[in-house]
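Following: one structure in structure tokens, then a few remarks.
Everything numeric in this text was worked out from a predicted model, so none of it was measured. First the proteins, then the strands, lettered A, B, ... as listed; each starts at 1.
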Amino acid sequence: MTLSLYNTRTRQKEPFAPLQPGRVTMYVCGPTVYSFPHIGNARPAVVFDVLARLLRTRYQLVYARNITDIDDKINRAAAAEGVPIGEIAARYAHAYHADMRALGVLAPDIEPRATEHLAGIMRMIGGLIDSGHAYVADGHVLFRVSSFADYGALSRRDQRELLAGARVEVAPYKEGAGDFVLWKPSTPELPGWDSPWGRGRPGWHIECSAMVAEHLGPTIDIHGGGNDLIFPHHENEIAQSTCANRGALFARYWLHNGFVNVDHTKMSKSLGNVLLVRHLLEQAPGEAIRLALLAAHYRQPLDWTSEVLPEARRKLDRLYGALRDVEGWQALEAAPDPEFIAALDDDLNTPQALAVLFNLARDVNRSSDPAERAALAACLRASAALLGLLGADPDAWFMTETSDGLSAEQVETLLAERRAARTSRDFKRADQIRDQLLEAGILIEDSAEGTRWRRSAG
RNA sequence: GGCUAGGUGGCAGAAUGGUUAUGCAGCGGCCUGCAAAGCCGCGUAUGCCGGUUCGAUUCCGACCCUAGCCUCCA
């Protein structure tokens with residue numbers, strides 16, 4: 001049972017062991033709270049939630065996921081509405097929490113905010129200036145990239161190429177084209193904090209470095225985030241933190257999740273194809289969205305199409321269906337299936353882990369021995385729990401309402417009529433009612449014990 | 001132009017130097033008044049061209065194609 005993780009830093013799968021035996025520190029880049037979370041924001045939250053659940057079975061975990069609440073996008077949103085940035089940040093942080101909860105994402109241990117870490121940010125910037133890694137120019141504080149030999153190691157970029165290939169117009173006050181902002185001046189109408197370098201605000205990259213240092217120390221075990229953050233954000237974090245900590249290794253394992261595409265193309269505001277979690281939650285239960293996100297390996301791109309959600313619901317129908325008619329499994333203590341664990345241990349191979357779940361479901365359905373069925377069901381549930389799935393009551397799952405359909409009462413009334421028709425062997429009328437219910441998204445099943453119904457994925 | 005990840009059956013998506021992925025969809029059977037669910041069974045796949053090998057989807061090389069990053073971005 002050895003966990004191995006693909007480390008972006010070394011570009012290979014490595015066996016995982018924490019720096020400090022028994023205790024793991026993990027930091028994941030959280031949201032910038034300037035709008036509602038979209039499905040792309042949800043992927044890292046779900047993926048690293050699974051990793052956190054797995055790690056907690058073996059280690060004491062300290063999991064920090066920040067909220068970026070100082071950012072120019074927030075400033076713009078606040079200016080547009082004429083409200084303080086705190087209001088924008090509070091609103092969307094709240095939305096983020098609500099949506100992630102709906103997806104079964106557990107809260108991290110620590111959720112630091114940039115606005116609560118100005119002192120630490122300034123302290124780190126001051127230290128970088130003192131040690132020659134940063135300089136003041138034209139009211140800005142900039143990181144001197146040339147002072148850090150390993151710059152570009154994570155993203156495998158050559159410093160010189162970076163400079164030569166720079167497409168953006170270089171600000172005249174920069175010493176080097178690749179130098180990036182640690183602190184920038186704020187005009188009076190912009191939010192700002194008083195600092196040794198004047199009233200201003202921190203750059204995005206330094207916020208994470210300072211929060212990591214304050215909560216998790218100079219060297220952390222795991223740093224996660226989206227694929228797109230490798231450059232420049234994580235590269236810059238490494239530069240800042242390593243230099244601020246006198247060369248100490250910043251993060252031992254770098255994990256990056258792939259992007260979510262929509263209908264084969266990138267999600268972007270200009271294309272108008274940004275899928276918000278809150279809208280998807282109107283189409284399907286959060287658990288289905290979660291399963292859809294875990295159906296592909298976390299490092300692969302995930303193409304979101306109109307088929308994804310209905311299919312995820314049908315998969316859950318199958319899994320919950322296997323639990324539904326089993327007696328007595330809820331009370332059983334069960335360990336996750338070893339094969340399931342092995343799949344997760346292999347760099348979080350969730351598609352493989354899901355395959356194990358489906359095999360367990362089939363075994364439950366196959367078995368006619370009540371004790372065996374209960375044991376298998378308990379194992380299925382215990383395994384799925386590591387993925388944050390199958391936590392609901394099976395009967396409740398099949399009753400989940402997502403859109404305006406028939407009420408349970410209406411369904412029962414129609415079923416009573418159908419029962420009467422069947423008793424008098426008026427099958428034509430009975431089938432008519434069944435078709436009517438089906439059209440309303442109600443699927444019915446006859447058995448020796450009677451008729452039962454459920455809401456279908458459509 | 002530089003860097004990175006990919007191209008697997010109708011779709012989604014793992015794995016593997018020779019042996020069933022899994023799910024959804026489809027087909028046949030059992031069950032059922034008929035269905036549904038479930039079970040049993042079936043079918044179609046590894047971009048293209050070379051090389052290594054007894055044997056390659058898997059390793060190596062070339063080519064074609066796709067996506068991402070290089071600028072704010074999960």
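Within the structure, the ring pair (Phe, Tyr, Trp, His ring centres under 6.0 Å) test picks out the following pairs touching residues 281-329 of chain A (sequence neighbours left out): A/Tyr320-A/Trp397.
The shortest distance between the side-chain N/O atoms of A/Asn227 and the OP1/OP2 oxygens of B/U4 is not below 4.0 Å. A/Arg157 has no side-chain polar atom (N or O) that falls below the 4.0 Å cut-off from OP1 or OP2 of B/C69. Note on A/Asn365: a side-chain N or O is less than 4.0 Å away from OP1 or OP2 of B/C39.
Counting only heavy atoms from C-beta on, A/Gln300 has its side chain closest to B/A14 among B/A74, B/A14, B/G68. Side-chain atoms of A/Trp204 lie closest to B/C73 of the nucleotides B/A37, B/C73, B/A74. The A/Asp228 side chain lies nearest to B/C69 when the options are B/A14, B/C69, B/A5.
At whole-Å resolution of the value, CG in A/Leu387 and C1' in B/U22 are 14 Å apart. When rounded to the nearest whole Å, the span between CG of A/Leu437 and P of B/A35 equals 18 Å. Atom pair A/Leu380:CG and B/U22:C1' shows a separation of 14 Å (rounding to whole Å applied). Per the geometry, NE2 belonging to A/His234 stands 15 Å off P belonging to B/C69, to the nearest Å. Residue A/Asp303 contributes atom CG, which lies 20 Å from atom P of B/A74 at whole-angstrom precision. A/Ile230 has its CD1 atom 16 Å from the C1' atom of B/U71, to the nearest Å. Distance, A/Asp263 CG to B/U66 P: 18 Å, rounded to whole Å. Rounded to a whole Å, the CZ atom of A/Arg454 is 8 Å from the C1' atom of B/A36.
Annotation: B/C49 and B/U57 have their C1' atoms spaced 15 Å apart (nearest Å). The P atoms of B/C60 and B/C72 are separated by 35 Å, rounded to the nearest whole Å. Between B/C11 and B/U52, the distance separating the two P atoms is 34 Å to the nearest Å. The same atom, C1', is picked in B/A37 and in B/C54; the two are 49 Å apart, to the nearest Å. Distance check on atom C1': B/G47 versus B/G6 gives 11 Å, rounded to whole Å. Using P as the reference atom, B/A36 and B/G29 are 12 Å apart when rounded to the nearest Å. When the P atom is used for both B/G50 and B/A56, the distance is 13 Å, rounded to whole Å. To the nearest whole angstrom, the two P atoms, one in B/C24 and one in B/U66, are 33 Å apart.
Qualifying ring pair (Phe, Tyr, Trp, His ring centres under 6.0 Å) partners for A/Tyr6, counting only residues two or more places apart in sequence or in other chains: none.
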Could you pull out the protein-nucleic contacts involving nucleotides 45-47 of chain B (nitrogen or oxygen on both sides, under 3.5 Å)?
none

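For the pair A/Tyr6 and A/Lys266, both in contact range of RNA chain B, the more 5′-proximal nearest nucleotide belongs to A/Tyr6. Residue-to-nucleotide proximity on RNA chain B shows that, of A/Cys29 and A/Arg11, the 5′-proximal contact is made by A/Arg11.
For the atom pair A/Leu357 CG and A/Thr350 OG1, the distance stands at 11.0 Å (nearest 0.5 Å). From A/Glu237, atom CD reaches atom CE of A/Met211 across 8.5 Å, with rounding to the nearest 0.5 Å.
Looking only at side-chain heavy atoms (C-beta outward), A/Met26 and A/Asp221 stay at 4.5 Å or farther from each other. In this structure, the side chains of A/Arg318 and A/Arg314 stay at 4.5 Å or more apart for every pair of heavy atoms.
Of the N and O atoms on the side chains of A/Asp263 and A/Thr265, not one donor lies less than 3.5 Å from an acceptor on the other residue.
Residue contacts for A/Val308: at a heavy-atom cut-off of 4.0 Å it reaches no nucleic acid atom on any strand shown. Counting any heavy atom pair closer than 4.0 Å across all strands shown, A/Leu229 reaches sugar-phosphate atoms only and no base atom. Heavy atoms of A/His256 sit nowhere under 4.0 angstrom from any nucleic acid atom. Among the protein residues, A/Arg43 comes within range of no part of the nucleic acid, since none of its heavy atoms lies under 4.0 Å from any strand. A/Asp325 comes within contact range of no nucleotide atom at all, as no heavy-atom separation falls under 4.0 Å. Within the nucleic acid shown, A/Gly40 comes within 4.0 Å of at least one base atom, counting heavy atoms only.
Using a distance-only test at 3.5 Å, with no hydrogens or angles considered, a donor-acceptor pair links the side chain of A/Thr423 to the main chain of A/Arg419.
Counted within 6.0 Å of CD on A/Glu175, heavy atoms from surrounding residues, nucleotides or ligands total more than 12; the atom is thus considered enclosed.
Shown are A/Leu55, A/Val105, A/Leu255; of these, the side chain to side chain contact (heavy atoms under 4.5 Å, CB included) with A/Phe48 is made only by A/Leu255. A/Arg53 pairs in a side chain to side chain contact (heavy atoms under 4.5 Å, CB included) with only one of the listed residues (A/Leu344, A/Leu386, A/Leu61), which is A/Leu386.
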Protein-proximity profile, nucleotides 23-34 of chain B, B/S/- by nucleotide at the 4.0 Å heavy-atom cutoff, equals BSS-------BB

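Salt-bridge annotation for A/Asp72 and A/Arg201: present, with a side-chain N of the basic residue lying under 4.0 Å from a carboxylate O of the acidic one. A salt bridge is absent between A/Arg9 and A/Glu14; no separation between the charged side-chain nitrogens and carboxylate oxygens falls under 4.0 Å.
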For RNA chain B, the dot-bracket notation using Watson-Crick and G-U wobble pairs below 3.5 Å, [ ] for pseudoknot-type crossings and | for other-strand pairs, is (((((((..(((.....[...))).(((((.......)))))....(.(((..]....))).))))))))....

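A stacking contact between A/Phe259 and B/G68 is absent: the pair does not combine a ring-centre distance of less than 5.5 Å to the base's six-membered ring with planes differing by less than 30°.
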Identify every side-chain donor-acceptor pair in residues 223-230 of chain A under 3.5 Å, counting partners at least two apart or on other chains, and give the distances.
none

